[in-house]
Amino acid sequence: MSNSPLSLSDVRAAARRIAGLAHRTPLKPSPALSARLGRPVHLKLESMQDTGAFKVRGAASMILNLAERRRRRGVIAVSSGNHGRAVAHVARRLGIPAVVCLTRQVPAVKVAAVEALGAEVHADAADQAAATRQAMAMADERGLTYVDPFDHRDVVAGQGTIGLELLDQRPSLDTIVVPVGGGGLIAGIGVAAHALQPALRLIGVTNDRDPAMHLCLKAGRIVPVGESPTLADALPGAIPEDNRWSFPLCREHVEEIRLVDEAAIERAMAWALRREKVVLEGGGAVGIAHLLTGAEPDLGADVAVVCTGDNVETARLLEIAARHPDP
Ligand SMILES: *Cc1c(COP(=O)(O)O)cnc(C)c1O
């Protein structure tokens with residue numbers, strides 16, 4: 001494994017690797033957000049990615065870089081849903097075995113989606129840490145390769161392909177708003193976007209319950225953080241002590257991680273559905289949630305919001321939309 005820092009050329013190499021497995025997603029103008037904020041705002045619709053979330057980029061980037069012999073033995077992942085689904089999807093496309101360890105908090109819609117892709121699913125761990133221990137033990141026993149959800153250079157490079165696409169689709173962008181969990185997504189976008197446009201501002205957003213990366217950045221080191229239930233179920237989880245990639249890259253590339261509460265996330269999901277005709281899960285809507293609060297000083301003149309995923313139960317989304325008739 002290379003120790004050299006991740007660079008634009010790594011992200012470009014990832015883009016070439018994953019071309020057959022991940023789509024280039026649309027960058028859709030949002031007239032409603034643009035009118036509200038008085039400047040052009042675009043939505044990067046990773047919710048339209050295969051599997052309904054961007055994580056297929058990182059998973060494909062890493063799995064396609066494995067030596068043939070390792071790849072054939074199979075892969076294993078721990079996930080709050082979307083990463084497991086991405087790994088299962090890529091494994092199926094490549095015809096290799098996949099095992100996915102989920103926690104009991106994962107919504108049924110996400111468990112079912114991973115099972116439907118033919119992966120072996122374990123969904124009995126109490127939290128991410130327990131699921132990770134379970135996965136590490138099984139990886140050892142069965143010679144499977146562990147595919148980290150955010151802390152691997154090939155995974156970060158894969159997520160960074162979104163940054164390449166964004167600046168290709170709209171070179172005038174000066175601000176990108178990005179949901180943050182373990183930080184692999186915003187780290188990758190930071191590497192690509194800052195190489196192409198050093199002055200670009202990256203604003204991270206996460207939910208205000210146990211915002212792990214936010215607390216680590218504030219402390220200047222990795223601190224232990226809990227894991228509370230939230231509508232943004234793709235975002236929680238502590239940053240492991242031995243983190244090598246996402247935390248250092250977030251320190252380098254991310255100016256600020258803003259926090260949004262559950263009510264703001266609900267409203268953003270309703271806004272996306274009613275005003276943008278876009279389905280978003282909670283974690284995919286935190287960027288819009290932050291913009292709707294109007295709490296961002298100096299927003300910049302040309303803004304893109306990464307809308308990361310759409311894996312939400314339909315009944316839940318409709319119930320939320322019904323509570324917000326005029327978001
Ligand atoms: C994984 C995920 C995120 C956060 O990505 P990180 O790389 O963990 O920061 C955001 N939104 C959705 C929908 C996700 O699945």
Side-chain angles (χ1 to χ4, degrees), residues 6 22 25 43-59 61-62 77-87 89 100 102 105-107 109-110 113-114 128 132 147-163 176-191 202-207 210-214 216-217 225 227 230-240 243 245-247 249-250 253-254 257 260 265 268-269 272 278-290 305-312 317:
L6 198 68
T25 53
L43 306 179
K44 178 65 169 164
L45 294 181
E46 283 300 301
S47 51
M48 294 179 72
Q49 189 55 261
D50 256 0
T51 73
F54 69 90
K55 286 212 173 62
V56 68
R57 295 176 186 262
S61 167
M62 178 174 164
V78 171
S79 168
S80 56
N82 290 338
H83 173 63
R85 185 166 171 182
V87 168
H89 173 78
V100 177
L102 304 167
Q105 284 73 265
V106 173
V109 64
K110 291 186 175 176
V114 179
Q128 296 277 330
T132 305
V147 182
D148 199 280
F150 52 81
D151 197 35
H152 187 283
R153 66 178 296 139
D154 294 337
V155 173
V156 174
Q159 321 304 29
T161 59
I162 294 170
I176 305 176
V177 182
V178 187
V180 177
L185 172 64
I186 198 168
I189 292 177
V191 168
L202 268 189
I203 301 172
V205 186
T206 195
N207 66 300
D210 295 326
M213 187 57 82
H214 170 80
C216 292
L217 288 180
V225 180
E227 196 178 311
T230 162
L231 195 47
D233 56 72
L235 304 184
I239 311 297
N243 183 286
W245 295 98
S246 68
F247 177 63
L249 286 170
C250 281
H253 290 283
V254 181
I257 296 182
V260 290
I265 297 170
M269 292 169 77
V278 166
V279 171
L280 293 181
E281 61 181 277
V286 295
I288 292 178
H290 176 58
V305 187
V306 182
C307 297
T308 45
D310 74 357
N311 292 314
V312 56
L317 178 61

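Numbering of ligands and ligand atoms starts at 1, following listing order. Along the sequence shown, the residues carry numbers beginning at 1.
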Practice problem: Run the numbers for me: atoms of ligand 1, each under 4.0 Å from some heavy atom of E281, listed by number. | Solution: 13 (C)
Practice problem: State, to 0.1 Å, how close N311 and G52 come at their nearest heavy-atom pair, and which atoms those are. | Solution: ND2-O, 3.5 Å
Practice problem: Check the pair E46, L185 against side chain to side chain contact (heavy atoms under 4.5 Å, CB included), reporting the backbone distance first and the verdict last. | Solution: CA-CA 12 Å; E46 283 300 301; L185 172 64; over 6 Å; no
Self-check item: Least distance between heavy atoms, E227 atom then P236 atom
Solution: CG-CB, 3.9 Å
Quiz item: Among protein heavy atoms, which lies nearest atom 7 (O) of ligand 1, and at what distance?
Solution: L185 N, 2.9 Å
Quiz item: For ligand 1, which atoms have a heavy atom of V180 less than 4.0 angstrom away?
Solution: 9 (O)
Quiz item: Which residue supplies the protein heavy atom nearest to atom 12 (C) of ligand 1, what is that atom called, and how far is it?
Solution: T308 OG1, 3.3 Å
Quiz prompt | side chain to side chain contact (heavy atoms under 4.5 Å, CB included) evaluation trace for F54 with T25 | solution = CA-CA 9 Å; F54 69 90; T25 53; over 6 Å; no
Practice problem: Could you list the atoms of ligand 1 found under 4.0 angstrom from a heavy atom of N82? | Solution: 13 (C), 14 (C), 15 (O)
Quiz item: So which heavy atom on G283 is nearest to which on T308, and how close?
Solution: O-OG1, 3.4 Å
Practice problem: Could you list the atoms of ligand 1 found under 4.0 angstrom from a heavy atom of G182? | Solution: 6 (P), 8 (O), 9 (O)
Quiz item: Judging by distance only, is a nitrogen or oxygen of G184 under 3.5 angstrom from one on ligand 1?
Solution: yes
Exercise. Look at atom 5 (O) of ligand 1 and say which protein heavy atom is nearest, naming residue and atom and giving the distance to 0.1 Å.
Key: F54 CZ, 3.4 Å
Quiz item: Can you tell me which residue and heavy atom of the protein come closest to atom 10 (C) of ligand 1, and the distance to 0.1 Å?
Solution: L235 CD2, 3.4 Å
Self-check item: Selection from K55, K110, H83, R85 by shortest heavy-atom distance to atom 14 (C) of ligand 1
Solution: K55
Exercise. Report, in ascending order of atom number, the atoms of ligand 1 lying under 4.0 Å from any heavy atom of G183.
Key: 6 (P), 7 (O), 8 (O), 9 (O)
Quiz item: Is there a donor-acceptor pair under 3.5 Å between the side chain of D151 and the backbone N or O of S246?
Solution: yes
Quiz item: Closest approach of A232 and V286, non-hydrogen atoms and distance?
Solution: CB-CG1, 4.3 Å
Quiz item: Yes or no on side chain to side chain contact (heavy atoms under 4.5 Å, CB included) for H83 and V155, after CA distance, side-chain angles and deciding distance?
Solution: CA-CA 11 Å; H83 173 63; V155 173; 5.6 Å; no
Exercise. Starting from atom 4 (C) of ligand 1, find the nearest protein heavy-atom neighbour and note its residue, name and distance.
Key: G181 N, 3.5 Å
